[in-house]
Structure formats: structure tokens, C-alpha cells
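Inspection log for the structure reproduced underneath, given as C-alpha cells.
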Amino acid sequence: MPGPAEAPSTTLDDYSRTPGFGSRRGDTGQRYDRAREDRDAGEADAGCRMPDAGCRMPDAVQTPALERALPAINEAANWVSAVSFEHFELKGSVRELRNRCYGELKARGFGAQAAQHIIKRVADAYTTLRSNIKAGNLGPEHSKRRQKAQSKPIVFRPHASHTFDDRCLSWNYDTQTVSIWTLDGRIKNVRFVCSRGALKQLVEHRQGESDLAFRDGKWLLIATCEILEAPQFEPKGFIGVDRGITNLATTSDGDNHSGRRLGRYRRWQARKRAELQARQTRSAKQLLNKRARREARHATHINHKIAKTVVAVAQRTERGLALEQLKGIRERVTVPRDRRARQSSWPFHQLGSFIAYKAKRAGVPFIEVDPAYTSQRCPRCGHTGRANRRTRDHFHCRRCGLAGPADHVAGANIAQRGATAWVFVNMPDPAPA
């Protein structure tokens with residue numbers, strides 16, 4: 001979650017910007033969002049959690065120790081994962097793994113706390129995998145993707161990020177240094193750099209554990225900051241936000257955030273990917289991964305800017321925000337083959353989550369509504385029909401004659417549904433008879 005300066009944010013795979021905020025990829029090869037889980041846990045206590053990234057600058061003596069430590073930790077995690085899968089399949093608990101693996105980890109040179117963290121990390125990865133399977137995120141019971149995930153142990157990448165608590169990693173904000181445990185002993189006075197806003201957030205709000213990550217030749221730390229939410233005001237109305245591919249976001253006020261430049265950028269990246277894939281070399285594969293992260297960072301940055309603008313307008317005008325509930329839309333909607341890549345790269349969920357947490361942090365009321373027929377219904381007379389929207393861009397009501405941009409009309413319908421739903425959601429409980 002971005003700080004007061006609203007700096008460009010990281011994506012699922014990259015932490016190279018400072019400060020960095022957002023989701024990240026799990027170390028297991030299965031995608032899961034630990035940052036969002038942390039944030040949800042904080043929201044239950046009327047607070048918001050967010051990862052804050054600081055680029056680390058180890059010197060020539062400190063770097064080799066880190067380069068030995070992180071691959072060794074992940075190699076040990078792979079061994080624990082294999083033991084867990086062999087004896088318990090996907091159901092290994094921390095207690096059971098501790099009984100089987102703790103002694104061997106100590107013999108490999110890991111400290112007591114480091115060994116505990118490796119075991120807990122593996123158990124958490126299997127817990128997340130079971131949750132994804134139960135939620136249907138890996139497909140139905142007999143799907144290839146689900147069977148593949150269930151048929152082998154979780155594998156951690158050699159430079160996958162690892163968690164350290166305050167006993168293994170301590171921060172000194174005055175000197176902007178950290179002290180961190182490694183297999184070669186504890187190394188001290190490791191410098192880190194970040195913006196003034198990020199440093200202030202670290203000092204005031206850092207909570208819990210920190211993650212050590214290595215991305216594109218850079219060492220990074222990801223800390224979790226817990227920030228209390230602003231008190232929510234009573235809305236004087238609602239702004240409806242219609243999300244789409246051609247127009248990323250269109251509000252009921254008529255503000256339009258076009259996706260043309262992002263689409264052009266994605267097409268250019270696709271041509272470059274095709275050129276690199278044709279080479280089929282190791283360096284080409286590395287460049288492909290690098291380009292994928294760059295493209296994701298670019299889309300994330302655009303979504304952050306849109307969300308910041310929308311929330312700022314709602315806060316200034318003391319109105320709430322209403323969005324469509326688009327969960328499962330990719331499964332419900334079929335598109336021609338030539339448009340599948342465009343639809344699958346549509347970051348609607350990320351934009352919605354950014355608007356949601358920024359609204360919560362600013363105290364702006366937020367609600368999601370039913371998306372059915374928002375682009376075919378007339379907000380003035382209520383007439384609904386496919387004939388009202390003959391083309392993608394234009395709306396014309398066949399009953400009352402209201403005409404205008406289709407996305408603007410959809411935003412107005414979403415705003416109306418948001419106002420109605422807000423009344424029902426906040427309706428006081430009836431007095432007991």
C-alpha cells in the first residue's frame with residue numbers, strides 16, 4: 001500500500017522501486033498474495049498493513065555472505081518440503097515438521113530461530129496451497145493444473161525471498177543500517193536506502209517480520225507497516241467507476257482513464273517477447289523474465305495513478321465509491337482467440353483492490369455492486385435492453401432518448417446502485433418486538 005508520497009509501486013515479481021508497495025509472488029511457484037493477507041489481518045484491527053521495500057547496499061565483504069545464505073536457506077526449505085510431502089503429502093504441520101527436520105537443519109549450520117522460520121515457511125506454503133485448492137483457484141478436481149500441484153512437493157527458487165524476525169534481523173533507522181543473521185555469522189551495519197517518506201513510515205509503523213529478497217542483481221528488504229484507517233465519513237452521494245479494457249476506468253462524473261497507451265505498450269512488449277522467444281537461448285529467457293516484470297510494473301503504476309485520482313475526487317467531494325463486482329468474469333465471458341491475451345492481461349482486480357485500500361485509508365465509503373446490465377440500462381428512465389447499446393462506445397435509450405458515452409452511462413448506473421446498496425448495508429437493525 002502506498003505511502004503519503006504515492007510512489008510508484010512494485011508488482012508481483014519486482015521490488016526494485018523504493019519505496020515499493022503492492023502484491024508479491026509467493027516463493028513456491030504457486031501464486032498467492034501474502035501482502036494482501038497481511039493487510040487483511042490488519043484491517044480486522046481497524047488498521048491497514050502494507051509491505052514497504054528498501055533497496056539494500058551491502059559492501060564487498062557483506063555481499064558474499066548474503067549470496068551464500070539465501071540459496072542455502074531455500075535449498076534447506078526444498079528439503080523440508082520434500083520430507084513434508086513424502087510423509088504428510090499436503091497436510092504437514094509445523095509441529096510434525098519440527099520433529100522430523102529441526103535436528104538436521106541445526107546440523108547444517110542454521111541457528112535455532114532460522115531453522116524454525118524455514119519449517120514455518122514450508123508449512124505456510126502448503127497451507128496456502130490447500131486453501132487455493134479448496135477455493136477452486138487451481139481448477140476443478142480433475143484439472144491438469146490441480147493434479148500437477150497435488151502430485152509433487154513445493155519447490156522454492158534459489159533466490160526466493162525469506163522471512164526474518166527481529167531476532168534475526170534488526171533495524172537501525174538513525175544510521176539506515178540493518179544487522180542480519182547469515183550462515184557466516186551475523187553481519188552488521190548493512191546499509192539500506194529509501195525515500196524520506198518510506199523511512200518515516202518504517203520508524204512509525206513497521207510491525208512484525210521482514211523479508212530478504214534478491215531481484216535483478218539487487219538486494220532488497222520488504223517490511224510490513226501497519227497504519228490505522230481514517231474514520232469513515234457519511235457520503236453525500238456516490239461516484240460510480242466502470243472498469244474496462246479500452247477505457248481502464250470511467251467515472252459517473254465523466255472522467256475517463258483510457259487504456260490506449262497501456263494497450264499499445266503491451267503490444268510492443270509482445271513483439272519484443274516474440275523476438276526473444278525465437279532465439280531460445282538462456283540469456284533470452286532471462287530477458288523475457290525481466291521484460292515481464294517491467295510490463296507488470298508499468299501496469300501497476302498506471303493503476304496506482306488512476307486509483308489515487310479517483311479516491312482524491314471522492315474524498316474532496318465527500319462522496320463514496322461504487323465499483324462492479326467482477327469476480328469470475330474471465331470464466332463467464334468468452335472471447336475470440338485473438339483477444340484472449342488482451343483479456344487475460346486486463347488488470348481489473350488490481351485496480352479494484354488499489355481503489356478499495358486507498359479509499360479505506362482515506363476514510364472514503366466503498367462498496368461493490370452487481371454488474372448485471374449496467375451498460376444496457378438507462379439511468380434516467382430505467383429501460384434496459386441490448387438495443388440501447390448498439391456499439392461499444394455509444395449508448396442511446398430507445399425509450400426516453402438519453403444518449404452519451406456507454407462507459408459514462410455505466411458509471412452512472414453503478415453510482416445509483418451504490419447509493420441504494422449503501423442504504424441497505426447500513427440500515428439499523430429493527431427494534432425487537
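As the structure is a computational prediction, the values presented were derived from the model and not from experiment. All values below were derived from every heavy atom in this structure, side-chain atoms included, with hydrogens, water molecules and symmetry-related copies excluded.
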Subject >> Donor on one side chain, acceptor on other, Glu368 and Gln325, under 3.5 Å >> reply: yes
Subject >> Expected output: side-chain Ser143 to main-chain Leu138 donor-acceptor under 3.5 Å >> reply: yes
Original post:
Between atom OG1 of Thr163 and atom CG of Leu169, what is the distance when rounded to the nearest 0.5 Å?
Top reply: 11.0 Å
Original post:
Which atom names give the shortest non-hydrogen contact between Cys381 and Arg399, and what distance separates them?
Top reply: SG-CD, 3.9 Å
Original post:
Of the non-hydrogen atoms in Leu220 and Arg215, which two are nearest, and what is the gap between them?
Top reply: CD1-CB, 4.0 Å
Original post:
Do the non-hydrogen side-chain atoms of Leu70 and Trp219 ever get within less than 4.5 Å of each other?
Top reply: yes
Subject >> Working for side-chain contact (heavy atoms from CB on, under 4.5 Å), residues Phe238 and Ile367 >> reply: CA-CA 10 Å; Phe238 272 80; Ile367 194 168; 3.9 Å; yes
Original post:
With a 4.5 Å heavy-atom cut-off, do Pro371 and Leu326 have their side chains touching?
Top reply: yes
**OP:** Report yes if some heavy atom in the side chain of Asn172 is under 4.5 Å from a heavy atom in the side chain of Val178; otherwise report no.
**Re:** no
Subject >> Donor-acceptor side-chain pairing of His205 and Lys200 below 3.5 angstrom >> reply: no
**OP:** Give, for atom NZ of Lys272 and atom CG of Leu288, the distance between the pair rounded to the nearest 0.5 Å.
**Re:** 12.5 Å
Original post:
More than 12 non-hydrogen atoms from neighbouring residues, nucleotides or ligands closer than 6.0 Å to CD on Gln232, yes or no?
Top reply: yes
**OP:** Test Gln176 against Arg191 for side chain to side chain donor-acceptor pair (under 3.5 Å), laying out the working first.
**Re:** CA-CA 6 Å; Gln176 286 194 218; Arg191 289 192 59 227; over 6 Å; no
Original post:
Between Lys120 and Asp165, is there a side-chain N and carboxylate O pair less than 4.0 Å apart?
Top reply: no
Subject >> Lys/Arg N to Asp/Glu carboxylate O, Arg273 vs Glu295, below 4.0 Å >> reply: yes
Original post:
Has Arg392 got more than 12 heavy atoms of other residues, nucleotides or ligands less than 6.0 Å from its CZ?
Top reply: yes
**OP:** Look up atom CZ in Arg146 and atom CG in Asn132, then write down how far apart they are to the nearest 0.5 Å.
**Re:** 11.0 Å
Original post:
Have Ser93 and Glu96 got a donor and an acceptor in their side chains that come within less than 3.5 Å?
Top reply: yes
Original post:
Taking Tyr265 for the side chain and His298 for the main chain, is one N or O donor matched with an acceptor at less than 3.5 Å?
Top reply: no
Original post:
Is the number of heavy atoms from other residues, nucleotides or ligands within 6.0 Å of CZ (Arg130) greater than 12?
Top reply: yes
**OP:** Would you check if the side chain of Tyr126 reaches a backbone N or O of Ile154 as a donor-acceptor pair within less than 3.5 Å?
**Re:** yes
**OP:** Give the C-alpha distance, both sets of side-chain angles, the deciding distance and a yes or no for side chain to side chain donor-acceptor pair (under 3.5 Å) between Asp211 and His162.
**Re:** CA-CA 5 Å; Asp211 282 8; His162 183 68; over 6 Å; no
**OP:** Kindly indicate, with the supporting measurements, whether the criterion side-chain contact (heavy atoms from CB on, under 4.5 Å) is fulfilled by Val313 and Ile239.
**Re:** CA-CA 9 Å; Val313 172; Ile239 298 176; 3.9 Å; yes
Subject >> Student check: side-chain heavy atoms of Arg260 and Arg264 closer than 4.5 Å >> reply: yes
Original post:
Within the distance-only criterion (no hydrogens, no angle test), does the side chain of Arg267 pair as donor or acceptor with the backbone N or O of Ala270 below 3.5 angstrom?
Top reply: no
Original post:
Do Arg121 and Ile73 pass the side-chain contact (heavy atoms from CB on, under 4.5 Å) test, and can you show the C-alpha distance, the side-chain angles, and the key distance before you say yes or no?
Top reply: CA-CA 11 Å; Arg121 177 182 167 197; Ile73 289 171; 3.9 Å; yes
Original post:
Within the distance-only criterion (no hydrogens, no angle test), does the side chain of Ser151 pair as donor or acceptor with the backbone N or O of Gln147 below 3.5 angstrom?
Top reply: yes
**OP:** Indicate yes or no: at least one non-hydrogen side-chain atom of His159 is less than 4.5 angstrom from one of Pro71.
**Re:** yes
Subject >> Distance (rounded to the nearest 0.5 Å) between Leu351 CG and His257 NE2 >> reply: 9.0 Å
Original post:
So, Thr300 and Gln350: side-chain donor and acceptor under 3.5 Å apart, yes or no?
Top reply: yes
Original post:
Does a donor on one side chain sit under 3.5 Å from an acceptor on the other, for Arg157 and Asn78?
Top reply: no
Original post:
What are the two closest heavy atoms between Ala362 and Ala230, and how far apart are they?
Top reply: C-CB, 3.8 Å
Subject >> Aromatic ring proximity His117/Phe164, centre distance under 6.0 Å >> reply: no
**OP:** List the steps, then state whether side-chain contact (heavy atoms from CB on, under 4.5 Å) holds for Arg100 with Phe88.
**Re:** CA-CA 11 Å; Arg100 289 184 176 273; Phe88 313 107; 3.4 Å; yes
Original post:
Taking 4.0 angstrom as the limit, do Asp166 and Arg206 come out as a salt bridge?
Top reply: yes
Original post:
Any sub-3.5 Å donor-acceptor pair from His87's side-chain atoms to Val83's backbone N or O?
Top reply: yes
**OP:** Find the distance between CG (Asp255) and CG (Asn247) and round it off to the nearest 0.5 Å.
**Re:** 12.0 Å
Original post:
What about Trp171 and Phe192, are their ring centers closer than 6.0 Å?
Top reply: yes
Subject >> Evaluation steps, side chain to side chain donor-acceptor pair (under 3.5 Å), between Glu324 and Thr374 >> reply: CA-CA 9 Å; Glu324 298 169 295; Thr374 53; 2.9 Å; yes
Original post:
Where is the tightest heavy-atom contact between Asn74 and Pro158, given as atom of each residue plus distance?
Top reply: ND2-O, 2.9 Å
**OP:** Give the minimum heavy-atom separation between Phe354 and Ala307, together with the two atoms involved.
**Re:** CB-CB, 3.8 Å
**OP:** Tell me, yes or no, whether the heavy-atom count around Gln286 atom CD, taken from other residues, nucleotides or ligands under 6.0 Å, exceeds 12.
**Re:** yes
Subject >> Short side-chain to backbone donor-acceptor contact, Asn413 and Arg377, under 3.5 Å >> reply: yes
Original post:
Taking C-beta and beyond as the side chain, do Lys285 and Gln277 meet within less than 4.5 Å on heavy atoms?
Top reply: no
Original post:
Do Asn388 and Gln376 meet the criterion of a side-chain donor-acceptor pair at a distance under 3.5 Å?
Top reply: no
Original post:
Does atom CZ of Phe233 have more than 12 heavy-atom neighbours from other groups under 6.0 Å away?
Top reply: yes
Subject >> Non-hydrogen atoms of Cys168 and Ala114 that approach each other most closely >> reply: SG-N, 4.3 Å
**OP:** Say whether Arg98 and Gln116, considering side chains only, have a donor N or O and an acceptor N or O under 3.5 Å apart.
**Re:** yes
Subject >> pair Arg390-His396: side-chain heavy atoms closer than 4.5 Å >> reply: no
Original post:
Do the side chain of Ser252 and the main chain of Gly240 share a donor and acceptor less than 3.5 angstrom apart?
Top reply: yes
Original post:
Between Asp253 and Arg319, is there a side-chain N and carboxylate O pair less than 4.0 Å apart?
Top reply: yes
**OP:** Would you check if Ile414 and Leu323 make a side-chain contact, meaning some heavy-atom pair closer than 4.5 Å?
**Re:** no
**OP:** For the pair Asp242 (side chain) and Gly411 (backbone), establish whether a donor and an acceptor sit closer than 3.5 Å, ignoring hydrogens and angles.
**Re:** no
